[in-house]
Amino acid sequence: MNDKNATANSPKIPPKIKAWPMYRAVVGVGVACGLAIVSVFELTGPVIQQNKIELRQKAIFEVLPGAMTSAAFRLTGDDRFEPTSSDSEGSDLVFAGFDDDSRLVGLAIETQGMGYQDVVRILYGYSFETETILGISVLESRETPGLGDRIETDEDFLGNFGILDVSLSPSGNEVAHPIEFVKPGKKTDPWQIDGISGATITSRATANMLRASTVWWIPRVRAQREDFEEPNGEE
Amino acid sequence: MVPNNKHALPSGTDEFLKGFWKQNPVFVQVLGMCPVLAVSNTAENALAMGLATSFVLLMSNIVVSSIRGFVPKQVRIVTFILVIATFVTIVDYLIQAISLELHKALGAFISLIVVNCLILGRAEAFASKNGVLRSILDGLGMGVGFTIALLCLGAVREIFGYGSLFGLELFGQHYQKWVVMVLPAGGFFTLAGWLLLFNWYETARARRKTLKEAVA
Amino acid sequence: MRQWAKTLEIRSSPHIASGKSVDDIMLNVVLALLPVTGFAIYAFGLAALITLTAAVVSCLVTEHVLCRLTGRNSSVGDWSVVVTGLLYGLTLPPGLAIWMVVVGGIMAVGLGKFLFGGLGYNPFNPALVGRAMLQAAFPVAMTTWPAMPVDKFTQVPSSTLAWPFTEPVYDSISGATPLAGWKFDRVMTEPADLLMGYVSGSTGETCALLILLGGVYLAMRKMMSWRIPTAILLTVAICSGLLQLNDPTKYAGPLFMLFSGGLMLGAVFMATDMVASPMTHLGSVLYGILIGLLVVVIRVWGGMPEGVMYAILLSNAVSPHIDNWIQPRVYGTKKRGQTP
Amino acid sequence: MSSILVLTAVVTIGGLTLTLASLLVVANHWLHVEEDPRIDAVEDMLPHTNCGSCGFPGCRPFAEALVSGAVLPGKCTVSPPEEHTRIAAYLGVDVGAEEKRIARLACAGGSNVSRNHARYVGLESCAAAALVAGGGKGCFWGCLGLDDCEVACTFDAITMNRHHLPVVDEDLCTACGDCVTACPKDLFSLQAQSHRLWVACRSQEEGDEILEDCQVACTACARCAMDAPGEIEMRGNLPVIDYTKNRFLSAEATQRCPTGAIVWLDAKKGALKGRAARKIIRQGSMKEAPT
Amino acid sequence: MNLFGTKTFAHGIHPPESKDDTSGLPIRQFPFAPSLVVPLSQHIGKPAIAVVREGQEVTRGQCIAKPDGFISVAMHAPASGTVRRIGLTPSITGKMVPGIFIEPFPASTQEILEGTACDASTADTQEIVAAVQQSGVVGLGGAGFPTHAKLQIPEGKFVDILVINGAECEPFLTTDHRVMLEHAEDVMAGIPYLMKATGASKTIIAVEANKPDAAETLRAAIPQDLEIEVEVLPVKYPQGAEKLLISALLGREIPSGGLPLDVHTLCVNVGTTAEIGQLLPHGKGIQERVITIGGPAVKNKGNYRIQIGTPLRFVLETVGVEEDITRVFLGGPMMGQAVSSMDIPITKGTTGVIAFSARETGFLDGHKQYPCIRCGYCLEACPIFLNPSQLGLLAEQDQHERMVDDFHLMDCFECGCCTFVCPSHIPLVQQFRIAKAAVRRMKAPV
Amino acid sequence: MNDDSLWSIFINACLINNFVLAYFLGICPFLGVSGKLGTATRMGGAVTFVMLVSSMCAYGIQVLLVQIDAPYLKLISFIAVIASTVQLVEMFIKKVSPVLFRALGIFLPLITTNCAILGLALFQTNKGYGFMQSIAYALGAGLGFTLALVLMAGLREKLELAKTPDIVKGTAITLMLAGLLSICFMGFAGLSN
Ligand SMILES: Cc1cc2nc3c(=O)[nH]c(=O)nc-3n(C[C@H](O)[C@H](O)[C@H](O)COP(=O)(O)O)c2cc1C
Ligand SMILES: Cc1cc2nc3c(=O)[nH]c(=O)nc-3n(C[C@H](O)[C@H](O)[C@H](O)COP(=O)(O)O)c2cc1C
Ligand SMILES: Cc1cc2nc3c(=O)[nH]c(=O)nc-3n(C[C@H](O)[C@H](O)[C@H](O)COP(=O)(O)O)c2cc1C
Ligand SMILES: Cc1cc2nc3c(=O)[nH]c(=O)nc-3n(C[C@H](O)[C@H](O)[C@H](O)CO)c2cc1C
Ligand code: SF4
Ligand code: SF4
Ligand code: SF4
Ligand code: SF4
Ligand code: FES
């Protein structure tokens with residue numbers, strides 16, 4: 001820098017750096033901020049937790065019609081399921097839904113896959129009685145509003161569920177007819193999903209992730225059905 | 001250090017009102033564009049985002065203007081950002097407590113209020129040089145201006161994109177929704193459209209003014 | 001003293017000109033498009049005629065009104081907006097609601113051309129801007145295709161006549177375009193049908209032969225760069241050929257790729273829009289290769305069956321860079337190009 | 001539980017901020033770079049938005065440019081006008097008290113008194129026309145009247161009168177010199193406002209032949225030079241006024257000019273021509289009200 | 001025979017040739033005008049200094065102005081007569097330049113005065129250069145650069161090939177064509193002077209394929225002892241521009257901003273060569289030149305030998321023109337300059353006088369100008385490989401520096417190809433001229 | 001844990017969900033610094049660099065915060081670290097190489113207040129990316145930002161010579177272009193394997 005000119009032009013000399021004020025400011029403000037955050041977290045934490053559980057339960061009840069309470073189960077290393085707290089998270093969880101009489105309505109299972117724009121996460125309900133998928137609920141999606149999001153709203157599409165067949169083959173260790181995707185109006189068999197015209201990609205992705213997920217989960221959960229029978233959910 | 005112009009302070013009302021039009025953060029200063037574009041696909045989201053931002057803006061203005069005396073220049077940005085981040089975290093938790101659905105709709109943009117240029121800009125440009133009272137007025141004015149602008153965008157995008165306003169269906173169920181309006185591109189176009197209107201109005205006004213002067 | 005009282009005219013040299021003119025070129029493009037247009041009307045009947053008319057008229061009126069509003073001379077007379085309107089109409093599905101056609105036409109000319117300064121300054125191909133806006137705004141309507149061929153010439157799909165701002169209702173089950181058929185159901189269309197245009201698809205994209213005919217006419221009259229379509233088609237053919245060699249069940253072959261979807265119309269008439277494409281020969285070739293690659297990438301790996309429109313628009317955005325980068329080597333200088 | 005939370009928070013944030021502050025302190029100590037302190041001062045007056053709307057990649061580069069004099073504070077769209085004036089005042093350099101100068105035109109050959117040999121067709125600009133056989137005007141030196149100067153003047157000080165001759169509004173003219181560079185015929189020059197005697201012609205032709213092309217041209221008759229000896233002298237067939245003797249100059253020198261090529265510019269009454277100038281010329285082609 | 005030569009340059013255009021009207025007409029002598037004006041500046045460089053007084057009587061061929069420095073040439077009286085006046089006269093650029101007005105004696109025989117001869121076989125370089133300067137010869141190809149200055153090869157440079165430019169690529173013009181046909185021996189007489197002065201070992205005469213008869217005649221006239229070749233090139237504009245001619249013939253590319261000398265060549269017009277061959281052996285000065293008078297508005301079209309200084313008005317009155325004549329220019333239609341005043345004289349650099357009437361000019365101006373549609377025609381036409389489209393866009397925004405720095409504006413030699421082909425009818429060349437003028441003004445020392 | 005392949009993470013961040021055109025992050029510098037090609041390229045480089053650095057920092061902090069179980073401090077620690085890192089990098093470059101500072105460093109203050117950087121840190125932790133994945137994500141996001149900026153700069157330079165109507169000039173036209181670019185990028189939707 002042409003320091004001579006610069007200093008000659010203006011008499012101001014850069015102030016000497018003092019460490020203490022800097023520490024005081026940064027650390028002081030930082031600690032104050034930390035305290036503020038903690039107190040707000042303390043205050044709102046339980047409410048948020050409650051909200052989260054409610055949200056998940058809403059979804060579970062949505063995909064398991066008739067369920068009034070739910071419980072979370074974790075898949076253990078030896079392919080058994082053990083109860084766990086209802087606010088835990090992970091991809092090895094299933095949720096059991098129970099009706100008024102504490103009878104098992106079915107299981108809610110989470111799955112995800114690539115949709116039109118980004119990953120779609122859905123929760124689906126499985127019924128031991130009818131061996132069908134009862135319903136789905138979208139947990140997260142960035143699909144186009146009005147198109148991709150019709151997997152949540154399209155009546156015809158939702159009509160696929162409740163009767164969607166995922167029964168096991170006689171041997172009991174694989175799904176007899178993995179779920180298939182067909183063009184709108186082309187459905188002939190109970191294991192087929194009728195697509196949404198205009199949102200083919202998203203509906204196909206939904207069918208695909210359901211297939212992948214059911215093929216993996218259904219044989220396992222059916223083998224351990226009794227794990228879910230005792231109603232020891234938190235609520 | 002810097003020659004100060006204490007002589008020409010604008011009145012409090014002006015301080016408050018300037019954010020509405022003359023220095024509207026969105027239309028004139030073109031600041032804080034990210035949340036403006038991202039969270040304005042419905043009027044409701046826009047309103048929520050506007051309020052959240054205004055809250056943070058107001059609070060950080062207050063705190064910054066009260067601690068401005070003891071923060072050295074070298075650590076100013078860090079300190080201010082700490083303050084802002086705190087308020088954003090607080091807002092984040094508050095919204096989660098109020099409604100998780102809303103939180104989902106606003107997405108990461110709540111957290112991103114931290115880096116909204118508008119807030120740091122006001123903190124640096126105004127609050128760090130002015131008293132608490134003025135900073136409150138400024139923060140409120142800017143916040144309202146920001147919210148108004150967000151609402152302008154949100155309303156247009158929701159009306160076209162969903163055929164509704166604040167969730168109220170406007171045109172019946174046969175209405176053809178304009179998907180593009182709720183897509184990212186729609187955000188750009190709507191803002192561009194508003195700016196066009198704004199420019200057009202300003203030029204028309206300027207022309208009228210010169211015409212009047214010419215006559216006089 | 002002064003015998004010539006009459007004043008002479010003076011002007012800058014050169015004092016003669018080649019006689020080519022913008023309106024002339026544009027008129028020739030319209031001529032080259034006539035066979036395609038004719039086939040579209042023959043194939044899709046009144047529906048296509050209505051769509052094309054609405055497209056051209058909406059573009060013309062938009063241009064005229066905007067010019068008038070901003071106090072410029074109306075530039076309708078140079079035929080360029082007719083080209084835009086016609087090409088825009090040819091890329092639309094035949095049964096598209098009239099009101100949507102009009103909305104897209106306004107977008108094409110207003111947003112795609114006028115706001116950037118009118119003829120010669122549009123960074124993107126206006127016709128495709130119109131189509132892209134429609135595709136983004138009304139994806140369902142833009143991907144619903146009437147089955148081919150329509151039985152009666154006078155039959156107009158009810159979707160065409162939908163009231164403004166209402167959702168169109170489709171009367172018959174729609175057909176799938178060859179590309180969609182391949183992508184979603186692995187159904188291959190007969191090559192002969194592809195060539196002759198007996199498939200479902202956008203109004204003007206189905207008959208590849210007539211499109212090529214128009215292209216050859218324009219190229220021979222030097223009104224269009226033959227390098228761009230050649231580069232595009234070659235790139236697509238080579239890439240798809242290689243992919244097919246790799247796995248014939250997964251990837252369609254060159255013949256199918258070339259003659260399905262909007263590739264022909266896009267390569268011959270839309271990628272060649274000189275305003276939005278590079279100017280040098282080498283630049284044109286690079287631009288063509290880029291379009292070809294993008295088409296293959298989007299068609300093969302993308303979420304949508306067709307990608308010509310996006311490929312062209314994206315390459316339009318790249319073309320200023322190609323132009324910057326590839327400047328002709330000036331006589332008497334060593335280096336090619338220069339960094340502005 | 002809550003005390004643990006508080007402790008974690010305080011320890012984490014405290015530790016974090018402590019580290020960061022130390023880093024910054026150290027960095028400030030070791031990495032400090034000597035700079036023109038005015039940059040800091042100016043930066044302080046800028047809004048710190050770093051929005052980039054000034055065309056610079058941030059407030060500091062803009063401040064540097066301001067200090068270096070490359071730009072004006074108004075470029076910043078964020079800060080209000082008061083801030084602009086403040087910065088300008090802080091950086092302000094003394095303007096100095098010079099006599100006001102204005103641009104003056106050395107041609108009076110409007111379309112009413114001059115004729116064209118040829119009709120120019122092509123780009124509507126003086127610079128363009130001048131390159132085509134001089135523009136076709138009968139007098140080679142004369143004003144082409146195609147507005148280049150009017151367009152060049154950013155202060156709207158020039159208007160074309162109805163005879164297509166530029167008229168300078170002395171109040172608006174800032175002597176920026178843009179018109180001087182713009183005119184391809186070099187007809188403008190910057191003159192002190194007190195210079196009232198003015199030769200409004202550039203023609204170097206001698207004799208009455210030029211009158212066929214322009215009735216107000218200087219015929220190099222040298223009467224003005226005779227009437228103001230020592231103050232006006234003939235050079236290259238044109239009178240040249242010695243403005244160092246401005247005090248002695250008066251309208252007297254214009255009186256015998258047969259064409260009115262030399263004029264007295266009165267502050268109020270505009271360009272005054274001598275008695276001998278023919279009547280049509282006296283009505284004036286120079287200070288017309290613009291239409 | 002190589003009728004359709006293949007050697008040519010890249011890009012360029014094919015305007016209609018329009019030469020048939022005059023190419024078959026032999027050169028005819030033009031009558032003397034009642035008053036002649038010899039401008040002192042007919043060449044590039046400093047104007048000559050008059051050495052006669054008003055009222056003085058002069059003989060045809062007498063030196064009436066002497067060169068002022070090296071880049072300047074002498075002027076000779078085009079007719080025996082009286083010097084009437086030394087004053088300003090209009091020129092083709094519109095500028096008023098000093099000139100000598102001569103009134104020829106009506107009944108004079110107009111014998112040409114001879115001076116000291118210069119023999120190519122004995123004279124050395126300096127003598128030839130001095131003789132050329134004294135003869136007043138400048139480039140007759142149009143540019144008017146003093147030829148002797150070209151012949152003076154600077155220290156450290158050399159010339160191996162001399163190119164005689166007989167391309168005559170401009171439409172309408174046929175002067176060089178006729179000179180080659182009728183004065184082949186003068187051309188051959190001039191070449192030794194040039195070769196001697198420059199030290200070139202070989203000469204190539206370049207002729208376009210539309211003048212096969214000229215090429216034949218020249219070939220037949222080649223003397224035994226000189227290495228001279230006649231090369232026929234395909235017809236293309238602007239083949240005659242020396243840069244491109246040298247590229248076409250020799251594949252040598254003159255560096256940007258450089259001269260033919262940088263690639264060891266020199267290019268001289270055939271007319272110039274013939275004039276040297278005619279004047280130097282007799283020590284005469286140049287007082288007349290061959291000009292094509294043509295164009296649709298001219299009645300008696302032809303190739304004429306005209307006294308330098310003949311006013312244009314006299315020329316056109318003599319050949320007769322159509323009633324509705326609207327446009328006259330000197331030179332060909334591609335680069336020729338429009339004439340604003342009928343009082344300008346024919347000068348050494350005038351190659352032709354072309355006149356158009358309202359019918360043809362109407363065709364030109366009926367075109368509406370459109371914005372550039374980036375068709376790239378101009379890029380394909382520009383022989384210098386510039387980007388006229390970009391230059392034009394920049395010119396509209398007055399970004400002159402960028403035009404120069406990034407887009408090589410200064411390499412444009414205003415051939416007009418880009419404007420000729422532009423379908424948007426953008427006056428590109430004119431914009432470039434303005435930009436160049438502006439840049440020169442800016443760069444000029446104040 | 002998330003097991004996306006690095007390549008698909010990269011493509012996703014760069015093209016499909018371009019930070020500027022699909023996520024609206026970093027709009028302010030996108031509008032401000034896209035006028036000139038040279039500036040745009042350098043800004044892109046600077047952002048990519050800072051993204052890489054802050055992505056690594058964010059990964060580290062996240063690991064730490066998970067360990068001490070204090071997710072509520074995520075935001076404040078991220079931003080504090082990013083802000084001071086940027087400041088440090090800026091000072092460092094300024095000291096070490098004034099030339100580089102001219103070329104790059106001057107963009108750094110602009111980056112502190114750039115949502116894209118913080119957005120990247122937040123998204124990557126939300127998605128639970130591992131270290132390498134985070135780097136791929138940062139690289140994709142940075143290059144995507146650069147791509148958008150550079151394309152925009154080319155278009156804007158071209159339009160500088162156009163006769164755009166007055167009321168469109170400035171931010172409005174930039175936004176229009178951004179909208180059109182965003183539509184162009186929709187072509188990449190669903191790009192996979
Ligand atoms: C802007 C836009 C958004 C789109 N969004 C979705 C979407 O969210 N889900 C989807 O499946 N397809 C989406 N598409 C893709 C088309 O609608 C696609 O052509 C359609 O899914 C094909 O269905 P079809 O075979 O029934 O016509 C979108 C297309 C566009 C242009
Ligand atoms: C030049 C041209 C470009 C096109 N570009 C696209 C495109 O990028 N995307 C698209 O979905 N359709 C495009 N189309 C329409 C398609 O060619 C085709 O008709 C349609 O995409 C197939 O329907 P789908 O959405 O079911 O695949 C284009 C048509 C033409 C004539
Ligand atoms: C575009 C252009 C075209 C030219 N065409 C010719 C031509 O046809 N014949 C010619 O002799 N010179 C032509 N010239 C001039 C030559 O470049 C060169 O100056 C000339 O041949 C040199 O000879 P001179 O000095 O004897 O005139 C042309 C120049 C330019 C720029
Ligand atoms: C070969 C050729 C192809 C063209 N293609 C298009 C096109 O695809 N879309 C369009 O709007 N205009 C097209 N035009 C017309 C013209 O370039 C267009 O109106 C301008 O883009 C508007 O500025 C074309 C013109 C020619 C000569
Ligand atoms: S351009 Fe400048 S000098 Fe000329 S009149 Fe205008 S203000 Fe005065
Ligand atoms: S004064 Fe000069 S610039 Fe102005 S109109 Fe006359 S010639 Fe043109
Ligand atoms: S006039 Fe200049 S730019 Fe145009 S073609 Fe000739 S050399 Fe190229
Ligand atoms: S020929 Fe004319 S319209 Fe074509 S690119 Fe060149 S300047 Fe533009
Ligand atoms: S608000 Fe995102 S960069 Fe400014």
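If you're wondering where the values come from, they're calculated on a predicted model, not measured in any experiment.
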Does the side chain of Leu47(B) reach to within under 4.5 Å of the side chain of Leu150(B), using non-hydrogen atoms? no

Engaged part of Phe198(B) at the chain F interface, taking heavy atoms whose separation is under 4.5 Å: neither

Using the side chain to side chain contact (heavy atoms under 4.5 Å, CB included) rule, take Val182(B) and Glu158(B) through it: C-alpha gap first, then chi angles, then the decisive distance, then the call. CA-CA 7 Å; Val182(B) 293; Glu158(B) 185 175 350; over 6 Å; no

Okay, Thr203(B) and chain F: the region with an atom under 4.5 Å from a heavy atom over there is side chain

Indicate yes or no: at least one non-hydrogen side-chain atom of Leu155(F) is less than 4.5 angstrom from one of Leu181(F). yes

Atom group of Lys169(F) that falls short of 4.5 Å from chain B, counting heavy atoms: backbone

Does the side chain of Ser54(B) reach to within under 4.5 Å of the side chain of Val144(B), using non-hydrogen atoms? no

Engaged part of Phe78(F) at the chain B interface, taking heavy atoms whose separation is under 4.5 Å: neither

Just so I understand: if I count every heavy-atom pair under 4.5 Å between each of Thr171(F), Ile173(F), Leu177(F) and chain B, which residue has the most? Thr171(F)

Under a 3.5 Å cutoff, is there a donor and acceptor pairing between the side chains of Arg157(B) and Ser40(B)? yes

Checked Phe189(B), Trp194(B), Tyr93(B), Trp200(B) vs chain F; the most non-hydrogen pairs under 4.5 Å come from Phe189(B)

